[in-house]
**Q** 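Would you mind keeping the following structure in view while I ask a few things?
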Amino acid sequence: MGIDAIKTETLDLGIDVSLLNGKHEEKKGLPPLPGLDGVKVPTFRLAPFPSGPLHIGNARMVILNDEYAKLTNGKLILCFDDTIGTTKKKLDAGASGAKFILPEAYDMIREGLEWLGVEWDEEVYKSDRLEIYNDYCQKLIEQDNAYTCTCTPADFKKFKDGKQPCPHRQLRVSESLEGWRKMIDGEYGEGDAVIRLKTGMDLDDPALRDPVIMRISWAPHPRIGNVNKVWPMLEFSWAIDDHLLGITHIIRGKDLLKEDYIERFIWDIFKWKHSEIMHHGLLSLGFKLSKTRAREKVKAGEYSGWSDPRIWSMQSLEKRGIQPEAIRKTLVDMGISMTDVDFPYKILYAENQKIIDKESDRFFFVEDPVMMEILGIPKEEYIAKPLVNPLVPTKGYREIPIKIQDGSKEIFVSRGDFKTLKSDFRGKMIRLKDLINVILDSTRDERLFARYLSDDLESARNKKAKIIHWVDTDPKNHVKVSIMMADGALIQGFGEKNLLSCEEGQLVQFERFCFAKIQSVNESEIRAFFTH
RNA sequence: GCCUUGUUAGUGUAGCGCGGCCCAGCAUGAAAGGCUCUCACCCUUUUGACACGGGUUCAAAUCCCGUACAAGGCACCA
């Protein structure tokens, strides 16, 4: 028996033919998680800064953690990293690029996580844990592992660059504690003093020399109000919380690589067990993804809102008709590579199409319409009957009736087709899909002139006629359609009348144009978002 | 300037800890053909990569050194 015969047989039996082709679907998924020895409950954490909704880059971190939590039957903690770092002075001045908490972001983030199918077991706010950081900071000072420094940033930089200790490094513990008290009590103002960790001023890496772990901000906190004057730096708060919350595995972007050193340094001081730390590379989309940047563009009115497709927020992807499963698949396939990458959105689209193709009903749509006049049509009425979805024939046919007056008819074709028709198809047969065959006579200005040839598909097939889409020019028989593209541009055209039966949120395919998600439907206009 | 990561086909990734089974796998894209009243889907075929230069070795994508390029840190941002 030949291989083909086997294939046919096995097909009938419903056996996966791909096995015979040697195309074993490679076992997909993440590599095994390291550092599981002696771990009872692998525990992971999501640590979003609530400055805006999750974007695709945040989603990488989120999905990686969630996948591993699910894979290992572990626990996932959502910990809002909502400490305040920026001073009140800076915020009041509206400094550009300043990071701050957006109160709505907490919900937008939860919404994005739920949409992604992330299941977290516990929710924690850093802003509820301020006393804990204060306590541990105090301990570090008492142990002489940290000190109060009142250098200006510029002065400290000089010491740092020269690998020299600043004068405050030699302070007695009691003096540092007194400074610490002044910070807490508000006797020191913003910028007057910080607490530095004694990692060493002679470290090779200047970024690691006696880093700040606590500083002053008098800015009110959107959640807890104005109760606190000192705030921990991210790496310090995490050094404490990763231990206290029992995080066994830290998966974060490689922008946080330097934090590893500081966290481990502190873990060693307190003789805490080290968590396993892993990093993934950062995503870009031809531009740097940033919640803060997005927020500024939304505020400036440059973007239409948090669901503007250019932000690549979960909200915007949902609106576009991207399926969360497709995002998860794409991100998981990328693994935890440390390489920074251009987000492979084409792979995302391919994965998404696999999911939505069968459920997306087909419709005729012509972008930027150009008129075609057809003469010599023998009948007075036609009814085009295209399949609702060729992948699901059981869905049946839709109907597009056309009325002909005095043997002539005007229809719209897309500008794209107009251009190729104009240059390459004069005198040739063209098939108007599911309708009739015509021959293109001439073009004048922005108009095509054609003559009726025949009805049947067969003759069009024989002549290998180009098949194009069309929409009736009769306003009673079409509807205006506008599509928001991925780059924020608005595409306009006409679609077949049947579009009016669509529901909000429905996924459709505009044949030979794109998949789209219907945003709103009414007689005067259909609005949709471009999917891919 | 200092420090740290990273560099596999157009794109994304597998392989690299323990060098040979890798004349490098997969996905996506592109090209051609088939199917099809969509330039969709499906099927077939083709395409194309170990950044560069040295070294170690019988043998290197895998180890070592150097160079280039990229990203990140050197912030009282996260």
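Numbers restart at 1 for each chain; the letters A, B, ... are given by sequence-line order, proteins then strands.
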**Q** Can a side chain N or O of A/Gln509 be found less than 4.0 Å away from OP1 or OP2 on B/U38?
**A**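 Looking at the OP1 and OP2 atoms of B/U38, neither is under 4.0 Å from any side-chain N or O of A/Gln509.
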**Q** If you check the A/Leu257 side chain, which of B/A27, B/G72, B/U5 turns out closest?
**A**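 So the nucleotide nearest the side chain must be B/U5.
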**Q** Hey, does A/Val194 reach any base, or is it just sugar-phosphate, or nothing, if we go heavy atoms under 4.0 Å?
**A**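 Contact class for A/Val194: base.
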**Q** Categorize A/Glu259 for me: base, sugar-phosphate, or nothing, with a 4.0 angstrom heavy-atom threshold over every strand shown.
**A**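 Here A/Glu259 touches the bases of the nucleic acid.
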**Q** Under 4.0 Å, counting only non-hydrogen atoms across every strand here, what does A/Lys291 touch: a base, just sugar-phosphate, or nothing?
**A**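 No contact.
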**Q** Using a heavy-atom cut-off of 4.0 Å across all strands, would you classify A/Gly335 as base, sugar-phosphate, or nothing?
**A**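 Nothing, no heavy atom under 4.0 Å.
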**Q** So which nucleotide from B/C77, B/U38, B/G73 ends up closest to the side chain of A/Ala207?
**A**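 Of all the options, the side chain of A/Ala207 is nearest to B/G73.
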**Q** Measure centre to centre between the rings of A/Phe364 and A/His469, then say whether the value is under 6.0 Å.
**A**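 Yes; A/His469 has its ring centre under 6.0 Å from that of A/Phe364.
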**Q** Any base atoms under 4.0 Å from A/Asp342, or only sugar-phosphate, or nothing? Heavy atoms, all strands.
**A**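 Answer is sugar-phosphate: A/Asp342 comes under 4.0 Å of backbone atoms only.
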**Q** Indicate whether OP1 or OP2 belonging to B/U13 is found under 4.0 Å from a side-chain N or O atom of A/Ser337.
**A**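 Yes, within the criterion.
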**Q** With a 4.0 Å cut-off on heavy atoms, is A/Pro390 in touch with a base, just the backbone sugar-phosphate, or nothing at all?
**A**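 Here A/Pro390 touches the bases of the nucleic acid.
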**Q** Is B/G29 paired to anything, Watson-Crick or G-U wobble with both distances less than 3.5 Å, and if yes, which nucleotide?
**A**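 Check on B/G29: paired to B/U47, both distances under 3.5 Å.
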**Q** Base, sugar-phosphate, or nothing for A/Ser51, non-hydrogen atoms under 4.0 angstrom?
**A**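 The residue A/Ser51 makes no contact with any strand.
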**Q** A/Arg196 side chain N/O closer than 4.0 Å to the phosphate oxygens (OP1, OP2) of B/C76?
**A**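 Yes, A/Arg196 has a side-chain N/O under 4.0 Å of OP1/OP2 on B/C76.
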**Q** In whole Å, measure the gap between the P atoms of B/C63 and B/G20 for me.
**A**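 That atom pair is separated by 11 Å.
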**Q** Partner of B/U5 by Watson-Crick or G-U wobble geometry, both contacts under 3.5 Å, or none?
**A**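 Paired with B/U5, as far as the under-3.5 Å criterion goes, is B/A70.
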**Q** Applying a 3.5 Å limit to both distances, which nucleotide forms a Watson-Crick or G-U wobble pair with B/A40?
**A**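 Check on B/A40: unpaired, no WC or wobble geometry under 3.5 Å.
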**Q** Closest approach to the side chain of A/Lys288, judged atom by atom: which nucleotide of B/U5, B/U38, B/G72 is it?
**A**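 The answer is B/G72.
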**Q** Just call it for A/Pro206: base, sugar-phosphate, or nothing, with non-hydrogen atoms closer than 4.0 Å on any strand.
**A**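 The answer is base, as A/Pro206 lies within the cut-off (heavy atoms under 4.0 Å) of a base atom.
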**Q** Just name whichever nucleotide pairs with B/G53, Watson-Crick or G-U, keeping both distances under 3.5 Å, else none.
**A**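 Pairing partner, where one exists within any strand: B/C65.
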**Q** Under 3.5 Å for both donor-acceptor distances, Watson-Crick or wobble: does B/C16 have a partner, and if so which one?
**A**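 Paired with B/C16, as far as the under-3.5 Å criterion goes, is no nucleotide at all.
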**Q** Which one is paired to B/C22, where only Watson-Crick or G-U wobble pairs with both distances under 3.5 angstrom count?
**A**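 Checking every strand shown, B/C22 finds no partner, since no pair has both distances under 3.5 Å.
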**Q** Look at A/Arg215 and B/C77 and indicate whether a side-chain polar atom (N or O) is within less than 4.0 Å of OP1 or OP2.
**A**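 Checking B/C77 against A/Arg215, a side-chain N or O does come within under 4.0 Å of OP1 or OP2.
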**Q** At 4.0 Å (heavy atoms only), tell me whether A/Lys160 reaches a base, stays on the sugar-phosphate, or touches nothing.
**A**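 Sugar-phosphate, backbone atoms only, no base.
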**Q** Quickly work out the A/Lys89 NZ to B/A75 P distance and round it to whole Å.
**A**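 Going from A/Lys89 (NZ) to B/A75 (P), I get 18 Å.
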